[in-house]
Structure formats: structure tokens, C-alpha cells
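Below is one structure, written out as C-alpha cells, with a few remarks after it.
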Amino acid sequence: MTIRLELFEYLDYFGRTVPVRDLAQQDDVANVIALRHDIDHSLDLALELAHYEHQRGIRATYYLLHTHSYWQDPDLVLKCRQLQEYGHEVGLHLNVLTQWINGSCNDIDAAIADVLTPLHEAGVVITSTSAHGDRACYEHGFSNYWIWQELRGDDPIAAQHSRSAEGIAVDEERWQITYPADHVLHRADGEQLQLWQSSLAAHGLECDAIHVPIDHYWTDTGGKWSRTGDPMAHDLSAGRHQVLIHPWWWRGQQKRYFFLSAARSGTAWLSNFIDRATSCAGVHEFTFNHRYDNDELVADKRTTDDFDTLCNDKSTAINLIRHSLRWMRQQSGDIAEANVYLEPFLTELRELASDAVLVHVHRDGRDVVRSILDRGWYASPQDHKHRAMPVAHWNRLTQFERACWYWQYTNESIMPHTSARLRFENMVTDKAYLSRQLEQLGIVVHPLLAEKVFDTPMNQSRESVFGSYDLWPTAYKETFDRICDLLRSTLGYGSARRAASARTQHEPTPAQDSLNESHIVLDLEMSNGPEPAVSPKNVEVAFTAAGLSVWASDSSAEVKNRVLMLCEGAWSKVHAESGVACRPDVYYTCSIASRVDKDVRVRLFVLFYDSNETLVRKLQVATLRSDTPQRRVSFSPAMGASHFALALHLGTAQPSQTVVLERVRVEAHTMDRRYTARPEAGPGTTLNRPSAVTG
């Protein structure tokens with residue numbers, strides 16, 4: 001998260017500082033500056049500032065606000081420990097009387113113990129506190145430190161006169177809190193709270209920041225030094241000083257990052273690492289999967305099965321990029337997105353986000369090709385799910401050649417648009433390398449957080465049926481080297497030392513270029529002819545002249561599976577005679593005509609079953625939506641499948657939202673055996689045809 005350079009000028013001016021705890025314990029030290037930060041808004045911003053202060057040898061106290069939402073962060077304890085590891089003190093920014101006045105707690109000592117005990121048990125040392133000047137303090141007339149009996153004094157009425165909620169003497173009446181003459185705080189429901197009844201010592205606390213003996217107090221309340229004057233305008237070399245700086249008022253212009261790569265290059269892992277181990281928010285493939293509708297951000301996934309369509313609709317893609325950037329700009333801190341789908345639109349992205357930092361993440365092409373073949377990319381000649389590369393004779397390329405060209409073309413396209421690179425192989429094995437590379441980009445990595453998340457695997461392949469490069473047949477190695485060798489060498493993955501001209505003189509392996517044999521295996525005409533057998537679950541159906549109308553049975557959020565099987569049977573089990581028989585030497589195309597209400601997303605699945613009529617694989621092949629009434633998809637049989645069925649999944653659709661299915665037609669096409677990647681078996685591995693796994 002960006003911090004304005006002006007703040008560092010103050011830090012340099014202060015020089016060596018100490019936490020508030022040290023100031024309280026060393027009351028005989030005459031010349032000292034204690035630095036404190038009240039964290040009213042962002043703990044991640046505080047962590048970044050703590051990192052930079054640590055680099056300068058500066059120590060401070062970070063008072064954390066227990067009523068802020070960041071207190072629910074699952075990594076709160078670890079972030080507190082990280083503050084301590086940076087040499088800082090963690091303190092409690094007390095807001096318990098606000099909780100009492102609004103009725104969210106009745107026992108203030110129990111509420112404080114609930115906050116402090118888990119931290120103490122985790123090794124977070126908290127010995128000082130500061131009162132939060134909540135808006136409720138001024139609305140109801142109280143200060144949060146009025147609970148501590150050690151701070152009462154003999155005459156609290158006189159002592160609290162003309163003081164703000166934070167305990168600072170102020171001249172403006174609007175910031176002065178009137179102390180109650182009866183020493184009692186009154187709540188709207190009639191409850192009363194006797195003030196000064198709790199003990200600092202009983203909670204393991206030693207001091208309250210504003211009551212530590214000092215000569216001068218400085219605060220940037222509201223981002224200005226108006227209450228106390230600017231410390232840089234004074235000589236701080238003599239006397240005991242306490243300086244309060246709220247990091248929130250010193251945040252700079254937001255930074256945005258895009259980490260771009262081919263698929264299967266660690267982007268899900270990287271975005272999670274950035275989100276969990278740095279002060280920058282990390283998101284994975286946000287763009288193209290969200291949009292604004294009447295100023296409300298809604299999830300609308302376009303990359304699962306609809307990306308090829310999006311690539312041919314540049315205006316929609318540009319619009320979705322604008323929506324994504326709009327959302328990013330609304331976030332309070334820096335944000336990094338890792339996305340493998342932005343490559344076709346990098347010129348547009350650069351124009352729309354000219355201030356963003358674009359980073360190239362690359363992985364050895366041999367491993368990428370293997371991984372995407374394991375996931376069934378280009379499993380059929382008419383693959384509409386994955387992008388067709390703008391490569392000559394694409395329709396004549398084999399599955400393996402397409403995978404190779406995908407890696408080569410995608411990385412080659414990304415390189416000119418990016419200003420930095422991350423090497424996958426180093427990124428996921430060398431924490432120091434990754435931390436160094438990210439910090440050069442301005443993304444601070446926090447060591448304790450990084451240690452926790454670095455070894456967490458994400459989005460791993462569920463099975464590996466396509467062997468490593470060493471086990472590939474010679475013909476496959478030659479094909480890969482012919483297409484990818486030059487870029488492979490450029491990215492530092494070695495070279496097969498083949499002639500560079502071999503790549504440009506590419507002659508694709510002859511493959512089936514047309515549909516020589518095809519036949520219809522399923523043809524459901526919903527508006528004419530006999531009504532086909534369907535099996536609804538948590539949905540209602542009605543055959544009409546327009547087609548088969550489908551809608552949710554009820555609106556309960558607890559209902560997760562609103563499914564219509566386009567045959568007799570259930571999701572987990574379909575009898576062979578109700579499904580469509582699979583043949584290993586064919587691939588299938590499915591055309592769907594439908595009418596879907598606006599904002600409804602219906603997923604079309606192909607469900608594969610074995611000879612025991614048990615589900616062995618599910619494959620989402622299409623998302624039906626209002627702007628795509630006609631869809632055409634393709635798929636190949638899953639390994640071990642004897643038959644398949646089609647199913648509509650209505651997800652969160654409501655009873656008032658209707659899907660009208662007009663026609664579903666499935667055709668089987670003869671598969672040219674030369675098309676599909678079929679490596680020969682090598683020692684120690686089984687290399688079969690990749691199965692149709694969702695990508």
C-alpha cells in the first residue's frame with residue numbers, strides 16, 4: 001500500500017524513537033521521542049508502515065482498534081506478532097465504552113478479557129492502551145479511558161475539564177467532553193455504569209498513552225497538525241515528546257498490478273500469496289468474471305466455458321475491463337490481480353489502466369503443455385472452451401501442437417507489454433526470491449505471514465496422465481522444440497539448439513480438417529413433437545409451445561442443487577438406456593437454443609457414467625445466459641465412461657426467473673486418431689489420452 005513520501009520526511013526528522021511502553025518505563029529519561037500510531041482503519045497499511053520504520057531503525061507503538069472489522073481477520077494474531085517482530089509495541093486502542101453505550105456488551109471487563117486473552121496466549125505482549133475517540137463519545141459524552149481506576153485522580157471533574165474524548169486538552173467547545181457529575185454513564189435502556197471501576201493491572205496493562213508523563217504532545221488528528229502544531233516546525237531534541245501519527249491520513253495514490261501469464265503458471269497461488277503475505281490485496285481472475293449492474297457488483301463468470309466467445313466480442317471484453325478497474329479504484333489499498341485471460345486484450349488494458357504495473361509470470365513450456373493436456377485442453381477439434389490461437393492452419397493442428405502454440409504465442413504476446421518478470425520455478429520454491437522481486441515492485445512481503453502461506457498448494461492438477469518431457473516420444477519432443485525452442489531459450493529454459501528457421505517453417509501434422517463422419521445421437525425438440533423424458537430436482541417444468549420452461553421450486557437459500565436432468569435418472573446415477581453411449585473414437589458437439597431471463601445463469605453439464613452406471617466425471621460445457629441464445633460446445637468422452645447425460649444446473653435462480661429450453665442436439669464426429677495426444681508409455685509412468693477435466 002502506498003505511503004506518501006512526506007511521512008518519511010517526518011520519520012527522518014524524528015530520528016530514533018521508542019514505543020510508548022518504553023517512555024512510561026523510563027520516566028527519568030529527559031530527552032526522548034515516543035512514536036505511536038492509532039490504527040483506526042487499516043491493519044495492512046499499519047504493517048507496511050511498520051516494515052519501513054523497521055528498515056530505518058524506528059520503533060513505535062501500534063494501537064489496534066478492537067471494534068474494527070480487521071479484528072475478525074483470521075491472521076490477526078500473526079499480524080500482531082509480525083508487528084512485534086519488526087521491533088514495535090502492540091497496544092490496545094480501547095473502545096469498550098462505545099460497545100457498552102450501544103448495547104453490544106454489558107460487562108466491560110469481560111469484553112476486554114475476550115479481546116486480550118487470545119493475544120496474550122499467542123505470545124502478543126500488550127501492556128499499554130489508548131482511548132479511541134469514537135463518534136459515539138461526542139454524541140453521548142464520555143471518554144473510553146474513564147473506566148480505569150488508576151487514572152481517576154482525586155477530582156475527575158476538574159481533571160477532565162476541556163478535554164477531548166482522546167484525553168487531550170482542547171480549546172474548541174465542540175471537541176470538549178462534559179464529565180458527568182455523578183460519575184455514572186447512562187444508557188438509553190436505563191442501564192447505568194459506574195465509571196473508574198476497572199483495573200489496568202488486572203488486565204496486564206501498565207499505562208494509558210495520554211497519561212504517560214511528557215513535555216510535548218503532537219497529533220495529526222484528521223490528517224492535520226491543527227490541534228498541537230507541526231512537530232517539524234519545532235526542535236524535538238530536548239524534552240519528552242509523544243507523537244501520534246495515524247497512518248490512514250498518509251496513504252498515497254493506489255497502486256494496481258496485473259500479473260499475466262499462460263495458464264497453469266501459478267497465478268492462483270501467487271494471488272493468494274500476495275493477498276495473505278503482503279499489504280497488497282490479491283485477486284485471481286477477477287476481470288471478465290464480474291460486472292456492474294445498476295451500480296451493484298455481481299459475479300458473472302465468463303472464463304470457465306465462454307472465453308472463446310468473449311475473445312470474438314472485443315466491445316464486451318473492454319467493457320468488463322472497465323468494470324474491473326472501476327471496482328479496483330474503489331478499494332482503499334493497493335491491489336494485484338493475477339489473470340491468464342487478459343493476454344488477448346493487453347493493448348486495451350494498457351490504454352485503460354495506463355498507470356498499472358504489468359508483470360510477466362512464466363513457466364517452462366514443457367510443464368505447461370503437460371499440465372493443460374492433463375486438463376483436457378483442445379480435447380476435440382472444435383474446442384470452443386479454450387481460445388483458438390491466431391496461428392496459420394489452426395484447424396489442421398493436432399491437440400499437442402495446439403497446446404505448444406498456446407504456450408508460445410501467449411508468452412510471446414505478453415512480453416512486450418510487461419515491465420518485470422517472475423519465473424514460476426523460482427517463485428514457488430524460493431521465498432527470498434519472491435519477496436525480493438515483489439518488493440522491487442513496491443509490494444512489501446511480511447516474513448511471518450509469508451512463512452505461513454508459502455507452502456500452501458493451490459489448484460494442483462488432480463491427475464497426471466501425460467508424462468514429463470523426458471518421457472515424451474521423439475516426435476513430440478521435436479514438435480515442441482520446433483514450435484517453442486526460440487522462446488524457451490529467451491525465457492531461460494535452455495534450448496534444444498535446433499535451427500531457428502525450423503520454427504518459422506512450421507508444417508502442421510496433417511489432421512482431420514473437416515467432419516468426414518458425423519451422426520446425431522441426441523435431438524430434443526422441446527416445442528414440437530413428443531415430450532422427452534426429463535428428471536427435475538428442486539425445479540418445476542412445463543412443456544409449452546415455446547419450449548420447455550424451467551424454474552426454481554422455491555427461493556430458499558439452503559437449496560443448492562436445482563437440477564434438470566435431460567433424461568431419466570439422477571445426477572449420481574443414470575441407467576445406460578437413459579443416457580447416450582460413449583465411443584472412444586469420437587468427439588461430440590452440442591448445440592443449444594434457449595431463452596434465459598436477464599441476470600440468470602444456467603450451467604450446462606455433461607455427466608459421464610461407467611458401466612456400473614456410476615458418475616465418474618462431471619464437465620461444465622456451457623453457461624446459458626440472456627445474451628447468448630445460441631450456444632455450440634464440444635467435448636470428448638471421459639476415460640472409463642460408457643455413457644453420458646446432459647443436465648441443467650439453475651444455481652441461485654429464483655422462482656420468478658425462467659429458462660426456456662427450445663432445442664438440444666448432440667452430434668458424434670469421428671475423431672482422427674492423429675489429432676489426440678497419445679504419448680507412448682515410458683518407464684515408470686502411464687501415458688494415456690488426457691481425460692476431459694474441467695480447466
Side-chain angles (χ1 to χ4, degrees), residues 259-270 285 303 307-308 311 338-346 358-379 383 385-394 396-418 421-428 459-461 464-473 475-496 498 500 502-504 506 508-509 675-677 679 690 693 695:
F259 291 83
L260 312 165
S261 73
R264 312 303 301 154
S265 298
T267 53
W269 181 91
L270 178 61
E285 295 172 3
T303 57
F307 187 61
D308 189 54
C311 287
N339 196 320
V340 304
Y341 295 101
L342 282 164
E343 175 270 320
F345 309 101
L346 291 183
L358 273 56
V359 182
H360 182 197
V361 181
H362 58 82
R363 183 185 186 185
D364 192 325
R366 294 166 292 189
D367 294 323
V368 172
V369 168
R370 174 187 181 182
S371 185
I372 66 175
L373 288 176
D374 279 342
R375 295 212 159 203
W377 281 46
Y378 306 120
D383 188 343
K385 189 172 182 178
H386 303 105
R387 184 189 175 211
M389 296 293 106
V391 175
H393 310 298
W394 178 260
R396 290 182 58 82
L397 301 184
T398 65
Q399 181 189 22
F400 183 80
E401 288 174 314
R402 292 184 183 191
C404 293
W405 275 108
Y406 166 77
W407 178 83
Q408 190 277 336
Y409 186 88
T410 301
N411 283 284
E412 194 170 63
S413 298
I414 290 173
M415 289 173 64
H417 293 275
T418 53
R421 291 185 190 172
L422 271 179
R423 182 185 175 97
F424 168 87
E425 290 76 11
N426 298 76
M427 177 181 82
V428 298
N459 203 19
Q460 291 181 307
S461 293
S464 181
V465 294
F466 197 90
S468 64
Y469 178 86
D470 292 341
L471 299 172
W472 291 357
Y476 277 72
K477 292 180 180 179
E478 291 178 346
T479 298
F480 176 85
D481 295 340
R482 170 166 43 86
I483 297 172
C484 303
D485 192 56
L486 183 60
L487 181 61
R488 173 184 165 191
S489 177
T490 300
L491 294 177
Y493 294 106
S495 170
R498 302 181 187 279
R503 178 175 160 274
T504 58
H506 170 66
T509 303
Y675 174 82
T676 305
V693 185

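Because the structure is a prediction, the values reported are computed rather than measured. For the numbers below, each heavy atom of this structure counts, side chains included, while hydrogens, waters and symmetry mates do not.
- Shown here are the side-chain hydrogen bond (donor to acceptor under 3.5 Å, both in side chains) partners of Ser261, two or more places apart in sequence or in another chain: there are none.
- Geometrically, Arg488 engages Tyr469 in a cation-pi contact, judged by NZ or CZ lying under 6.0 Å from the ring centre and within 45° of the ring axis.
- Of the listed residues (Leu342, Thr267, Val359), just one forms a side chain to side chain contact (heavy atoms under 4.5 Å, CB included) with Phe259, and that residue is Val359.
- The aromatic rings of Tyr493 and His362 sit perpendicular to each other, their planes meeting at more than 60°, with 30° as the lower class boundary.
- For the pair Thr479 (side chain) and Lys477 (backbone), a donor-acceptor distance under 3.5 Å is absent.
- Listed by chain and residue number, nothing satisfies the side-chain hydrogen bond (donor to acceptor under 3.5 Å, both in side chains) test with Glu285 (two or more places apart in sequence, or in another chain).
- Asp367 is linked by a side-chain contact (heavy atoms from CB on, under 4.5 Å) to Arg363, Asp364, Glu425, counting only residues two or more places apart in sequence or in another chain.
- With sequence neighbours left out, Ser489 forms a side-chain hydrogen bond (donor to acceptor under 3.5 Å, both in side chains) with no residue at all.
- With sequence neighbours left out, the side-chain contact (heavy atoms from CB on, under 4.5 Å) criterion links Ser413 to Glu343, Tyr409.
- Every residue meeting the side-chain hydrogen bond (donor to acceptor under 3.5 Å, both in side chains) condition with Asn426, not counting sequence neighbours, appears here in chain and number order: Arg423.
- The aromatic ring centroids of Trp394 and Tyr378 lie less than 6.0 Å from each other.
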### Query
Between Arg402 and Trp377, is a side chain to side chain contact (heavy atoms under 4.5 Å, CB included) present by the stated rule, with each step listed?
CA-CA 9 Å; Arg402 292 184 183 191; Trp377 281 46; over 6 Å; no

